[in-house]
Amino acid sequence: MTNIMDNFIPKSDFLQNMIDRGYVHQCTDLNALDHKLMGNAMPAYIGFDCTATSLHVGSLVQIMMLRHLQKAGHKPIVLMGGGTTRIGDPTGRDESRKMLTDDDINTNMDGIRQVFEKYLIFGDGPTDAVMVNNADWLDQLSYIDFLRDMGIHFTINRMLTFDSVKLRLEREQPMTFLEFNYMILQAYDYLELGRKYDCALQMGGSDQWGNIINGVELNRRVDQREVFGLTTPLVTLASGQKMGKSMTGAVWLNDDMLSSYDFWQFWRNTADADVGKFLRLFTELPLAEIKRLESLEGSEINEAKKILANEATSLCHGTAAAIAAEDIAKMAFEQKSLSADLPTVLLNKAELEKGVAISDLYVKSGLAQSKGEARRLIKQGGAKLNDEKISNEEAIITTGDINVEGTIKLSSGKKKHILIKPE
């Protein structure tokens, strides 16, 4: 398949930066979008549903895109799904999302707002970010009028071809009519943002491509406006796992959900193969410096991981928090808080690269006699990985869980500890 960027040389700073850093996967019309970006400050948006009181690192690619957009002289629009969260995006899911109350949604929205205040400058200027809530217009819709005016632009035949619908049906999982409406409402959001803010670009993950196309086409059919869609590739770890979770759960962006130290450790434990990619996506280091850092080998790559952790944590929690996290890590690890006298079990590194079930690792280490015993230990709260409690009985351990000492520390209760050393 031909890459959409083959023979394409961007003129706009924003697209050049997005391509160089690996953000671009699909675009409705790269050349026309590039031309549009060469003009005045262009409003662009990404939507976020309010399903929790914080976003996690799985949303960080989109947040960084909005940050780069603003720094390139354009206007970010953060669309909060106060209305669409009541339905729930069916994309990538086999079952309906939990229905949230209006109070739940408003509480979640307040928490998510705190995330964006760290990454964007909000205000009334031409490039200042704005945060809007789609409930402001979706709550006002008359159902019959909406069906008559918008429904004629969508065919069931086309909607059934989109992954969010097709995959659910192929797996013979039920999809409610409520969820089926989600893509229409998302398209309508784009129409409203075009009218209210002259928004000309919607960005999102590659799983949102079908929904974004709907919005682009609805703008063209209803208002005869040329607007664009741009998606990012799915970000996975070298192990194949989806970006967004660590051994102990989701890597939240709000410090009341996850401490800045644990956030720093998540990046510090990045697999060697992911360092360059993550430096491009999640920091603002110059590309030449990133190229130097990702070329480091052996133990030197650990310095690149510390820089990644410091840069990512500084953006999310501030420079002081990043420095404090690194100092704590030095005290805990580099000053031999991990005792050299702990018994050590060798493990083939190739196994870790593929991923090892946590229950299997407890059996291999001798801390559990069976998988069942390991799972019971986790249920009872007595299992720890690198001194962090393990909550997921089905967790998979990978090279990303190797600590700064080059080992993985497993604990059973307060007194039994084993170091797993990859070789």
Next on the checklist: If we count only N and O atoms by modelled type, under 3.5 Å, do the side chains of Q26 and T231 hold a donor and an acceptor together?
Outcome noted: yes
Checklist entry - Is the distance between the ring centroids of F122 and F116 under 6.0 Å? => result no
Checklist entry - Can any side-chain N or O of N269 pair as donor or acceptor with the backbone N or O of Q265 at less than 3.5 Å? => result yes
Item to check | Nearest heavy atoms of H317 and N254, plus distance in Å | outcome: CE1-C, 4.4 Å
Next on the checklist: Looking at K371 and D360, is any side-chain nitrogen of the basic one under 4.0 Å from a carboxylate oxygen of the acidic one?
Outcome noted: yes
Checklist entry - Is there a donor-acceptor pair under 3.5 Å between the side chain of Y197 and the backbone N or O of I77? => result no
Checklist entry - Can H74 and Q70 be said to form a side-chain contact (heavy atoms from CB on, under 4.5 Å), step by step? => result CA-CA 5 Å; H74 301 287; Q70 185 170 53; over 6 Å; no
Next on the checklist: Is there a side-chain contact between Y119 and L315 in this structure, where contact means two heavy atoms from C-beta onward sitting under 4.5 Å apart?
Outcome noted: yes
Next on the checklist: For I390 versus I378, what's the shortest heavy-atom pair and its separation?
Outcome noted: O-CG2, 3.5 Å
Checklist entry - Rounded to the nearest 0.5 Å, how far does CD of Q16 lie from CG of L37? => result 12.0 Å
Next on the checklist: Between W267 and F282 (judged by ring centroids, cut-off 6.0 Å), do the two rings come close enough to count as a pair?
Outcome noted: yes
Checklist outcome for this item: One should read off an interatomic distance between L347 CG and L419 CG, to the nearest 0.5 angstrom, of 13.0 Å
Next on the checklist: If you define the side chain from C-beta out and look only at heavy atoms, does anything of V275 sit under 4.5 Å from L293?
Outcome noted: no
Checklist entry - Looking only at side chains, do N214 and Q186 share a donor and an acceptor under 3.5 Å apart? => result no
Item to check | Salt-bridge contact D272-K305 (side-chain N to carboxylate O under 4.0 Å) | outcome: yes
Next on the checklist: Between T107 and D110, do the side chains contain a donor N or O and an acceptor N or O under 3.5 Å apart?
Outcome noted: no
Checklist entry - What's the shortest heavy-atom distance between T283 and A312, and which atoms? => result CG2-N, 4.4 Å
Item to check | W137: which of L185, D189, L191 passes side chain to side chain contact (heavy atoms under 4.5 Å, CB included) | outcome: D189
Checklist entry - When you check the gap from the basic side-chain N to the acidic O, do E284 and R67 get nearer than 4.0 Å? => result yes
Checklist entry - Backbone N or O of S12 within a donor-acceptor pair of the D34 side chain at under 3.5 Å? => result yes
Item to check | From CA spacing to verdict: side-chain hydrogen bond (donor to acceptor under 3.5 Å, both in side chains), D104, T101 | outcome: CA-CA 5 Å; D104 290 335; T101 66; 3.1 Å; yes
Item to check | Working for side-chain contact (heavy atoms from CB on, under 4.5 Å), residues I323 and T319 | outcome: CA-CA 6 Å; I323 293 171; T319 303; 3.9 Å; yes
Checklist entry - Nearest heavy-atom pair of G205 and Q62: which atoms, and what distance? => result N-NE2, 3.5 Å
Item to check | Nearest atoms (heavy-atom pairs only) where A52 meets N108 | outcome: O-CB, 3.1 Å
Checklist entry - Is the count of non-hydrogen atoms from other residues, nucleotides or ligands lying under 6.0 Å from Q224 atom CD greater than 12? => result yes
Item to check | Whether over 12 other heavy atoms sit under 6.0 Å from K11 NZ | outcome: no
Next on the checklist: Looking at R225 and D198, is any side-chain nitrogen of the basic one under 4.0 Å from a carboxylate oxygen of the acidic one?
Outcome noted: yes
Checklist entry - Would you say the side-chain atoms of N219 pair up with the backbone N or O of G215, donor to acceptor, closer than 3.5 Å? => result yes
Next on the checklist: Does D20 have more than 12 heavy atoms from other residues, nucleotides or ligands lying within 6.0 Å of its CG?
Outcome noted: yes
Next on the checklist: Does I121, at its CD1 atom, have more than 12 non-hydrogen atoms belonging to other residues, nucleotides or ligands within less than 6.0 Å?
Outcome noted: no
Checklist entry - Would T232 and S206 count as a side-chain contact (heavy atoms from CB on, under 4.5 Å) if you check the C-alpha gap in whole Å, the side-chain angles of each, and the deciding distance to 0.1 Å? => result CA-CA 5 Å; T232 60; S206 58; 5.9 Å; no
Item to check | Flag, side chain of S365 to backbone of Y362, donor-acceptor distance under 3.5 Å | outcome: yes
Checklist entry - Could E351 and K354 be called an ion pair, given the rule that one side-chain N must be under 4.0 Å from one carboxylate O? => result no
Checklist entry - How are the rings of Y261 and W264 set relative to one another: parallel (under 30°), tilted (30 to 60°) or perpendicular (over 60°)? => result parallel
Next on the checklist: I want to check something: taking the side chain as every heavy atom from C-beta on, are I397 and L352 in contact at a cut-off of under 4.5 Å?
Outcome noted: yes
Checklist entry - If we only count heavy atoms from C-beta on, is the N302 to R268 side-chain gap below 4.5 Å? => result yes
Checklist entry - Are any side-chain N or O atoms of K379 and backbone N or O atoms of E393, one a donor and one an acceptor, separated by less than 3.5 Å? => result no
Checklist entry - Is there a side-chain contact between I46 and V78, using heavy atoms and a 4.5 Å cut-off? => result no
Checklist entry - Using 4.0 Å as the upper bound for N to carboxylate O, is an ion pair formed by E217 and R158? => result yes
Next on the checklist: Using every non-hydrogen atom in the two residues, find where L100 and C50 come nearest and quote the distance to one decimal.
Outcome noted: CD1-O, 3.6 Å
Checklist entry - About how many Å separate CG of N134 and CZ of F48, when rounded to the nearest 0.5 Å? => result 13.0 Å
Next on the checklist: Can you confirm whether K421 is buried at NZ, in the sense that more than 12 heavy atoms of other residues, nucleotides or ligands lie under 6.0 Å from that atom?
Outcome noted: no
Checklist entry - Is the closest side-chain heavy-atom distance between M257 and T53 below 4.5 Å? => result yes
Checklist entry - Mind checking whether T399 and K349 have side chains closer than 4.5 Å, heavy atoms only? => result yes
Next on the checklist: Using side-chain heavy atoms (C-beta onward) and a distance below 4.5 Å, is T398 in contact with I396?
Outcome noted: yes
Checklist entry - What is the distance from atom OG1 of T28 to atom CD of E226, rounded to the nearest 0.5 Å? => result 8.0 Å
Next on the checklist: Applying salt bridge (Lys or Arg N to Asp or Glu O under 4.0 Å) to K384 and E388, what does each step give before you reach the verdict?
Outcome noted: CA-CA 5 Å; K384 289 186 177 181; E388 294 290 333; over 6 Å; no
Checklist entry - Hey, are R280 and E294 close enough for a salt bridge, meaning a charged N less than 4.0 Å from a carboxylate O? => result yes
Checklist entry - After noting the C-alpha distance and the side-chain angles of V132 and K196, does the key distance pass the side-chain contact (heavy atoms from CB on, under 4.5 Å) rule? => result CA-CA 11 Å; V132 296; K196 293 178 183 293; over 6 Å; no
Item to check | Ring center gap for Y190 and Y45 short of 6.0 angstrom | outcome: yes
Checklist entry - Would a distance-only check, ignoring hydrogens and angles, find a side-chain to backbone donor-acceptor pair under 3.5 Å from S59 to L55? => result no
Checklist entry - Okay, side chain of N133, backbone of G82: is any donor-acceptor separation there less than 3.5 Å? => result yes
Checklist entry - Can you tell me if Y182 and D49 form a side-chain donor-acceptor pair at under 3.5 Å? => result yes
Checklist entry - Do F14 and H68 have ring centroids that are under 6.0 Å from one another? => result no
Next on the checklist: Looking at N403 and T407, would you say the former's side chain and the latter's main chain have a donor-acceptor pair under 3.5 Å?
Outcome noted: yes
Checklist entry - When rounded to the nearest 0.5 angstrom, what distance separates CG in L308 from OG1 in T270? => result 5.0 Å
Checklist entry - Out of curiosity, E353 CD to N348 CG, how far, rounded to the nearest 0.5 Å? => result 8.5 Å
Checklist entry - For atom CD1 of I9, is the number of surrounding heavy atoms from other residues, nucleotides or ligands below 6.0 Å larger than 12? => result no
Item to check | Check: G125 main-chain N/O paired with D128 side-chain donor or acceptor under 3.5 Å | outcome: yes
